[in-house]
K.L.:
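Structure in structure tokens, see below.
All chains are named by letter (A, B, ...) in the order of the sequence lines, taking the proteins before the strands, and each is independently numbered beginning at 1. All figures in this text were calculated on a predicted structure; none of them were measured in a lab. Computed over heavy atoms, backbone and side chain alike; hydrogens, waters and symmetry mates excluded.
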Amino acid sequence: MNYNYAAVVLAAGDGKRMKSAHSKVCCELLCKPMISWVLDACARFGLDDRHICAVLSGKDDGVKELLPEDMPVALQNQRLGTGHAVQMALPFLQQMQREGVTDVCVLYGDVPFLDEDTLRDALFTHRSAQNSVTVLTAMAEDPAGYGRVLHTGNTVEIVEAADATPAQLAVREINSGIYWFRLDYLLAALPRLQNDNSQGEYYLTDVVGMTKDLDGTAGTFLCRNTDSVLGANDRKQLAALNEIARQRVFDKHYAAGVDIPCTDGVMIGPDVVIGPDTRIYPGCILMGKTVIGNGCIIGPSTHVVDGSVGDGSIVDFSRVESSVVGKACRIGPFARLRAGCTVADGVKIGNFVELNNSTAGDRSSFPHLTYIGDADIGENVNVGCGVVTVNNDGQHKYRTVVEDGAFIGSNSNLIAPVTVGGGAYIAAATTVTRDVAPEAMVFGRVRQTEMTGGARGRIKKR
Amino acid sequence: MNYNYAAVVLAAGDGKRMKSAHSKVCCELLCKPMISWVLDACARFGLDDRHICAVLSGKDDGVKELLPEDMPVALQNQRLGTGHAVQMALPFLQQMQREGVTDVCVLYGDVPFLDEDTLRDALFTHRSAQNSVTVLTAMAEDPAGYGRVLHTGNTVEIVEAADATPAQLAVREINSGIYWFRLDYLLAALPRLQNDNSQGEYYLTDVVGMTKDLDGTAGTFLCRNTDSVLGANDRKQLAALNEIARQRVFDKHYAAGVDIPCTDGVMIGPDVVIGPDTRIYPGCILMGKTVIGNGCIIGPSTHVVDGSVGDGSIVDFSRVESSVVGKACRIGPFARLRAGCTVADGVKIGNFVELNNSTAGDRSSFPHLTYIGDADIGENVNVGCGVVTVNNDGQHKYRTVVEDGAFIGSNSNLIAPVTVGGGAYIAAATTVTRDVAPEAMVFGRVRQTEMTGGARGRIKKR
Amino acid sequence: MNYNYAAVVLAAGDGKRMKSAHSKVCCELLCKPMISWVLDACARFGLDDRHICAVLSGKDDGVKELLPEDMPVALQNQRLGTGHAVQMALPFLQQMQREGVTDVCVLYGDVPFLDEDTLRDALFTHRSAQNSVTVLTAMAEDPAGYGRVLHTGNTVEIVEAADATPAQLAVREINSGIYWFRLDYLLAALPRLQNDNSQGEYYLTDVVGMTKDLDGTAGTFLCRNTDSVLGANDRKQLAALNEIARQRVFDKHYAAGVDIPCTDGVMIGPDVVIGPDTRIYPGCILMGKTVIGNGCIIGPSTHVVDGSVGDGSIVDFSRVESSVVGKACRIGPFARLRAGCTVADGVKIGNFVELNNSTAGDRSSFPHLTYIGDADIGENVNVGCGVVTVNNDGQHKYRTVVEDGAFIGSNSNLIAPVTVGGGAYIAAATTVTRDVAPEAMVFGRVRQTEMTGGARGRIKKR
């Protein structure tokens, strides 16, 4: 790929008002850090990791861990303004210039809704108009506090709210702070930035005003959707962004035929896929790379992270983690699939059942109060109530195998490693420590002894 | 009953924009198909099933299954407009005429909030005014896209939005598409419908314009509540209808003294009954014919379908299906009553307990980790933790009986069919395979053997 | 403390429109009775219980139980208006006068948002202006139904809505019904109240109009926040107050750095403390004196009442009651801590596990399907799946002790009273009835017996 554009993502803010031990860009929208939203949009736009430079604070604030390993990083150890932050990326910008990059976008790790279409259309405008700098702008319902964008003749001027006249304050077009720059223009402008202002900071905005001196031209690109340039400074604003993100995701799924009769408590991650005719009940949290098929019923109160659920399955009051559920399965209420489970079609996992790192074949049934860990269960296996695979002896973990058509009686224990052959029958309350042959019947329990009458009087005094 | 009115319900739409494999009229509001809302309103209005004709698509789209068996059906195999749909019901209309019906209402399977009062009041107006056709109208906040209703002198004219002048577009009174017809007028008008329009369809609306030719009169009935004529074309609109339905139900219960401190995630079906002083916490889904008594606490996160809960009971984080719970019971958290359970007063069903097709007498207690299936438990029975009724031997299901005052020790198994007599005492960890006499004490477990010291070194190597 | 002010709280209303068996003041906001909100505000303002007189109905309506034992009470057996209610408190007021109290506030048990700052600032105004009576007023968005406050020259007049002219109805400043009185003025005015009005009631409002006769002065104190004087007459209004209370609590926690990405179904009591960087998922109900540390993840669907959760712990789909959870613990999904549990740091309580009245040391693990009741579990103890502490023999409860580093195999029963020594190893499926020495290995189960082939045919016919 022969890139001729690149991006600088500013991610050095500390987000004091978030009251967080981490950087503001680590704060999450729909369980995904804001900076990951930005980087994902860059990737969909067509930038690979090596063409993005993240400007970090140099503190251990959790951002570095969220970046791809091969992404260039610049450190801004002092917080001296956005212009200063971009100055820190100077080596990256020079390297990009050597590689033939002509345009660079500066964007923010805490402005999560900037999307690939906006990046692309803004770049198109930027190049078509042969701008030195293109300011991404938006129409704000309430522009209070934002820099206003003034179009006078061919030039663009940005007036900070504090310096604006009443007439200028009436302008609703605001500066997002996001720019496309011609790289040569930016490299020429960066060293000229001054900090002769009340905050003593270097403002990237000032680059827009240098076009006259540097013989450049400034233009604007008005974002279609004001949300594209929204940020969050505190937890309440973050909640508002979450709400915007939630509603967008709902609209996408409504259009795709998903039935969400009441969205209360429903959070669906931006990367989740759901088929038509599936109903999502209140209180469902579907995150990560989760995929839900057609005609399913999910919820109420179900949490799926990186899970896959096949067509026509029902999952309620349950938690599914990094597992695959087949078609026409019945999971829950009150079931849990821990990481690494694969369950075939028509499987029933009922109340108070945990599967962990296990597989189950078609039509097998685990209706109640069971723990299946590190096990491979065949098809048409019936597992009674209270069955436990004893996979851990306190030192090691072992696997249990149950072959097709076996019947595991209630309150049995399968002490791993052990194999129960196909069609075998384990009587209730048996502890199985050795392999069971196919079609064998196994039992191992104490006969009941009865002492007639006076039951309560016989209770051992202690 | 001597009916002189009838109804035709149009239910042949495919609801392409719902992206559903089923007809649009099958889409649900508060877990009840839209067409069932309409048919229930017709029933409350006083129409029996034989006086309603449903016009279906002829496809296997799920509608037929929702209709009462004795309801007449007409098929509209081609989608040629609402007039064509009613034409398909011609045999039904002729039959109704023979039976003395004088007026017929045409309504829609996907306009779910049309209520019996509106049907009745509109019929009253229709007859009082001696109209040939009465158009049900509504005042729309935003009439965009709807046909406008024009009153000029004694006549009514309906102008489609596409054909309306700006002055006409300013009219906010809209045509709902629902009509009361004099049956003889409708029978005269139906054959005259033309499809000489851009869509090539037969519009029922045109019947209104035939009054001059057919020497009839047209009038209107303005619905008090605009919601009455709302429909849904896509999933987002369906969600909006769900929200209207939810709020209506809440208002009804608020007025009846139900305490719903936060309605988030609460969905209460239209037919659910709840007593005063009962609190409903967030995340509760109460559906079907559910009845909740006075002074209960339901939720959070509780799902009741066709369940009954007596006065003063508490049910939280639980699921109750087609079961009856008595007064002053404590159900949950994390309990499940499956279909066919009847639980008397003062019963405790605690965490991780499932009852299935069973009964329990007054003051019996199942505090934890228990499965009671196909069992009849008497009064004052104490069931320990981990007890399992082994009701299924892999081939048949059997019942378990536990008589009054018995004590079932923890981790016991009751292998059905088996009876434990009144006042009997089953020691913990006993597997009961034979009937136990009243007042008997039963045990059956292995004495512990101790190997002194070096425990970890003794773990069998595998 | 030398008080010179006191309060009378009117709490005799029956709240017929709430449809409740209890008094209206018992209705709850965020699970706390309205009158408790009022009394807590009085306490924070600086009033001790002996300086507050509650006027009750004399019926068994649930209010008395909510009052501190030493709080004076007056009974209003007949409902003859607010003036009559305060007349019932006459002995209290006379006693206060003897104790040197100079000013008294009359407020309402069902106006829950009146806060200590308002009480204090209003008293300051009352005294600074040397008023005989100070009316607490508020600016209402919709003043319909409220008495309007008219300022004419130096005097204040209150006009009931029913008696107001159109010009007066346009006034948005309303009478809250809450007053600060000079005690001597109130004592002089109370006997003069007349009931010569359409309702035949004695109105406290009339005291404001007596300043001329009694040579007093009336003034007003405008509450900054209209919510401060809101009441609720029915369940829907109560729900609206709940919503105001919820949002206030959210705002407080947002400001403190708590991450609540979606507040749906979240109810947080007014006295709950939450640390920064903690995330609260939908469906969480946190009530009472609950304290949550920093960096925790709570929810979804978690209910904590009077619980404490240490820094960095995760609690989901669980219920915690009057228990203490340490740092870095993993609780849930589907776990329950009943009253009286104390769990140290790094403890894991997994799915379908109940702890009751028990302790657990650092790093102990209860991953699945376990009941621990009346037990003291040491550090680094591993409890297998299905383990039950048999703490109840049907007559008495006994404690179980498991010392540090022991391993309790799956489906074991520990029959209390019993002690398992440090480092001991209980093999799976063992029932432990006698104390186990440290480092001992204990087993007690039946060897499996196998009958070869034809398993299904061997199932006992019954």
Side-chain angles (χ1 to χ4, degrees), chain A residues 250-251 253-266 276-277 279 281-283 294-295 300-301 316-317 332-334 350-352 367-369 382 384-386 393-396 398 407 409-411 416-417 425 427-429 445-456 458-459, chain B residues 18-22 27-31 234-236 238-239 242-243 246 263-267 282-283 285 301 303 317 319 334 336 352 354 369-371 373 386 388 390 392-394 407 411 413 415 423-425 430-434 436-437 439-446 456 459-460 462:
Chain A
F250 294 150
D251 285 348
H253 292 297
Y254 282 139
V258 178
D259 183 19
I260 317 179
C262 169
T263 60
D264 292 351
V266 178
D277 273 335
R279 174 173 297 173
Y281 273 111
N294 299 0
S301 298
D316 69 332
F317 286 112
F334 313 115
N351 29 228
F352 325 125
H368 16 226
L369 289 160
N382 198 324
C385 178
D393 65 3
Q395 301 187 342
H396 302 285
Y398 303 95
F407 179 95
S410 296
N411 258 339
Y425 188 101
R445 65 192 180 210
V446 180
R447 267 182 179 273
Q448 76 192 67
T449 303
E450 188 162 326
M451 299 161 74
T452 312
R456 297 291 158 140
R458 296 180 186 276
I459 295 170
Chain B
M18 291 289 183
K19 305 271 167 72
S20 179
H22 299 295
C27 284
E28 297 188 350
L29 286 189
L30 298 181
C31 305
D234 59 31
R235 297 284 184 178
K236 188 166 185 174
L238 185 67
N242 263 296
E243 188 56 28
R246 277 179 76 223
T263 61
D264 292 351
V266 178
M267 295 175 69
I285 301 188
S301 298
H303 196 171
F317 285 111
R319 188 178 152 103
F334 312 116
R336 183 187 190 189
F352 324 125
E354 171 189 352
L369 289 160
T370 288
Y371 168 60
V388 173
V390 183
N392 178 5
D393 65 3
F407 179 95
N411 259 339
N413 305 297
I415 314 270
Y425 188 102
T430 300
T431 297
V432 178
T433 55
R434 289 168 291 136
V436 174
E439 299 296 328
M441 175 180 261
V442 172
F443 52 89
R445 65 191 180 211
V446 180
R456 295 292 158 140
I459 295 169
K460 200 170 84 188
R462 286 176 265 209

K.L.:
Working to the nearest 0.5 Å, report the span between CG of A/Asn351 and CZ of B/Arg319.
P.N.:
9.5 Å
K.L.:
So, does A/Gln448 use its side chain to make a donor-acceptor pair with the main chain of B/Arg434 at under 3.5 Å?
P.N.:
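Yes, the answer is positive, given that a donor and an acceptor are paired below the 3.5 Å cut-off.
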K.L.:
Name the member of B/Thr370, B/Val436, B/Asp234 that forms the most heavy-atom pairs with chain A at distances under 4.5 Å.
P.N.:
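The candidate making the most pairs under 4.5 Å is B/Val436.
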K.L.:
Closest heavy-atom contact between A/Pro282 and B/Gly265?
P.N.:
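Heavy-atom minimum between the residues: CB-CA, 3.7 Å.
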K.L.:
With no hydrogens and no angle check, is any side-chain donor or acceptor of B/Lys236 less than 3.5 Å from a backbone partner on A/Asp251?
P.N.:
no
K.L.:
Check for a donor-acceptor pair, side chain of A/Glu450 on one end and backbone N or O of B/Ala440 on the other, with a separation under 3.5 Å.
P.N.:
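No, the answer is negative, given that no donor and acceptor are paired below the 3.5 Å cut-off.
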K.L.:
Which answer fits A/Val258, side chain, backbone, both or neither, if we ask what part of it has an atom under 4.5 Å from a heavy atom of chain B?
P.N.:
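When you check distances to chain B, only backbone atoms of A/Val258 fall under 4.5 Å.
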K.L.:
For the pair B/Arg235 and A/Asp277, find out whether any cationic side-chain nitrogen is under 4.0 Å from an anionic carboxylate oxygen.
P.N.:
yes
K.L.:
Return the orientation label for the A/Phe317 and B/His303 ring planes: parallel under 30°, perpendicular over 60°, tilted otherwise.
P.N.:
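Taking B/His303 first and then A/Phe317, their aromatic rings sit tilted (interplane angle of 30° to 60°).
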K.L.:
Taking side chain as everything from C-beta outward and backbone as N, CA, C, O, which of these in A/Phe250 sits under 4.5 Å from a heavy atom of chain B? Side chain, backbone, both or neither.
P.N.:
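No part of A/Phe250 comes within 4.5 Å of chain B.
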K.L.:
Between the main-chain N or O of A/Pro261 and the side-chain N or O of B/Arg246, is there a donor-acceptor pair closer than 3.5 Å?
P.N.:
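No, the answer is negative, given that no donor and acceptor are paired below the 3.5 Å cut-off.
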K.L.:
Find the distance between SG (A/Cys262) and CG (B/Leu30) and round it off to the nearest 0.5 Å.
P.N.:
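Answer for the SG-CG pair, A/Cys262 versus B/Leu30, is 9.0 Å.
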K.L.:
Examine whether an atom of A/Tyr254 lies under 4.5 Å from a heavy atom of chain B, and if so say whether it belongs to the side chain, the backbone or both; otherwise answer neither.
P.N.:
both
K.L.:
Are A/Arg458 and B/Tyr425 packed together at the side-chain level, in the sense that at least one heavy-atom pair is separated by less than 4.5 angstrom?
P.N.:
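Not touching, per the 4.5 Å side-chain cut-off.
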K.L.:
Pick whichever of B/His22, B/Met18, B/Met441, B/Glu28 has the most heavy-atom pairs under 4.5 Å with chain A.
P.N.:
B/Met441
K.L.:
With a 4.5 angstrom heavy-atom cut-off, could you sort out which part of A/Ala255 is near chain B: side chain, backbone, both or neither?
P.N.:
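Just the backbone, heavy atoms under 4.5 Å.
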K.L.:
Does any backbone or side-chain atom of B/Met267 lie under 4.5 Å from a heavy atom of chain A? Answer side chain, backbone, both or neither.
P.N.:
side chain
K.L.:
Can you find a heavy atom in the side chain of A/His368 that is under 4.5 Å from one in the side chain of B/Arg336?
P.N.:
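No; the side chains remain at least 4.5 Å from each other.
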K.L.:
Side chains of A/Asn411 and B/Thr431: closer than 4.5 Å at any heavy-atom pair?
P.N.:
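Counting from C-beta outward, A/Asn411 and B/Thr431 never come under 4.5 Å.
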K.L.:
Pick one of side chain, backbone, both or neither for A/Thr449, based on which atoms fall under 4.5 Å of a heavy atom in chain B.
P.N.:
both
K.L.:
Which bit of B/Cys27 is near chain A, if near means a heavy-atom gap under 4.5 Å: side chain, backbone, both or neither?
P.N.:
neither
K.L.:
Of all heavy-atom pairs between B/Phe334 and A/Phe334, which one has the smallest distance, and what is that distance?
P.N.:
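Smallest interatomic distance, heavy atoms only, reads CD2-CE2, 3.8 Å.
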K.L.:
Heavy-atom cut-off 4.5 Å, strictly under: side chain, backbone, both or neither for A/Leu369 against chain B?
P.N.:
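Contact with chain B involves the side chain of A/Leu369 alone.
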K.L.:
Counting heavy-atom pairs under 4.5 Å with chain A, which one of B/Leu29, B/Thr430, B/Val446, B/Val432 comes out on top?
P.N.:
B/Val432
K.L.:
State, yes or no, whether a side-chain contact exists between B/Asn413 and A/Arg445 at a heavy-atom distance under 4.5 Å.
P.N.:
no
K.L.:
What's the spacing between B/Glu439 CD and A/Arg456 CZ if we round to 0.5 Å?
P.N.:
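Taking CD in B/Glu439 and CZ in A/Arg456, the distance rounds to 8.0 Å.
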K.L.:
Distance from B/Asn392 atom CG to A/Cys385 atom SG, nearest 0.5 Å?
P.N.:
11.5 Å
K.L.:
Can you tell me which portion of A/Asp316 sits under 4.5 Å from chain B's heavy atoms? Options are side chain, backbone, both or neither.
P.N.:
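A/Asp316 touches chain B through side-chain heavy atoms alone.
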